[in-house]
Amino acid sequence: MGNLDDMIMELLEMDIAQKNSIVFSEESKELIHQIAEKCQNISVVEETRDQAEKYAEEMSAGEVYIDMLHKIVAAPTRIHMLMSARLLIPVIDRKLREEGLDGRKKSNIH
């Protein structure tokens, strides 16, 4: 595993957003999982886990991913941009695992 910022940049450069849907490849899912594991060591991520989970409760992994992209682009400062990814990628990881188990949720852009 590399530097966390490099890993996040690699994820953001992947072709995940396609026309009207979000398509997570096996490679992107693995990278998301690796990033989520690294984020566990960040205290603010752990301290806000319940808030992040509640925020994303009714969202799919794809919807959280799109919202994360919006938050990164609209971030007022660099720290906000960096923390958006660190706070939301663990949520995306959990959602992908849930969706993989039940297969019901689809990640569409609305």
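Owing to the predicted nature of the structure, the values given are computational and were not obtained by experimental measurement. Any value given below was found using the heavy atoms of this structure, including those in side chains, with hydrogens, waters and symmetry copies removed.
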I need the minimum non-hydrogen distance between [X] and [Y], along with the two atoms involved.
X: E99; Y: A61; value: OE2-N, 2.7 Å
X: A85; Y: P90; value: O-CD, 4.2 Å
X: V91; Y: A52; value: CG2-CB, 3.7 Å

Check: E63 main-chain N/O paired with S60 side-chain donor or acceptor under 3.5 Å |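 Side chain of S60 to backbone of E63, a donor-acceptor pair under 3.5 Å: yes, one is there.
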Can you tell me if E46 uses its side chain to pair, donor with acceptor, with the backbone of S43 under 3.5 Å?
->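 No.
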Just so I know, are the side chains of [X] and [Y] near enough to count as touching, which here means a heavy-atom distance under 4.5 Å?
X: E26; Y: K29; value: yes
X: I72; Y: L12; value: yes
X: L88; Y: Y55; value: yes
X: E10; Y: L31; value: yes
X: F24; Y: I92; value: yes
X: K95; Y: E98; value: yes

Look at [X] together with [Y] and state whether they make a salt bridge at an N to O cut-off of under 4.0 Å.
X: D93; Y: R97; answer: yes
X: D5; Y: R86; answer: yes
X: E53; Y: R94; answer: yes

Take atom CE of M81 as the centre, draw a 6.0 Å sphere, and report whether it contains more than 12 heavy atoms from other residues, nucleotides or ligands.
->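 Atom CE in M81 is packed in, count exceeds 12.
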Which residues share a side chain to side chain donor-acceptor pair (under 3.5 Å) with H70, sequence neighbours left out |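 Residues passing side chain to side chain donor-acceptor pair (under 3.5 Å) with H70: none at all.
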Rounded distance (nearest 0.5 Å) linking atom [atom1] of [X] with atom [atom2] of [Y]:
X: I66; Y: I22; atom1: CD1; atom2: CD1; answer: 3.5 Å
X: M7; Y: K38; atom1: CE; atom2: NZ; answer: 5.5 Å
X: I8; Y: M68; atom1: CD1; atom2: CE; answer: 8.0 Å
X: H33; Y: S28; atom1: NE2; atom2: OG; answer: 13.5 Å
X: E37; Y: I89; atom1: CD; atom2: CD1; answer: 13.0 Å

Go through I16 and L11 one step at a time and tell me if the side chain to side chain contact (heavy atoms under 4.5 Å, CB included) criterion holds.
-> CA-CA 9 Å; I16 294 173; L11 177 66; 3.6 Å; yes
Kindly determine whether D67 and K71 satisfy salt bridge (Lys or Arg N to Asp or Glu O under 4.0 Å), including the steps that lead there.
-> CA-CA 6 Å; D67 191 54; K71 288 180 183 341; 3.1 Å; yes
So if you build clusters from Ile, Leu, Val, Met, Phe, Trp, Tyr with side-chain heavy-atom gaps below 4.5 Å, do L4 and I79 land together?
->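 Per the 4.5 Å side-chain linkage, L4 and I79 are co-clustered.
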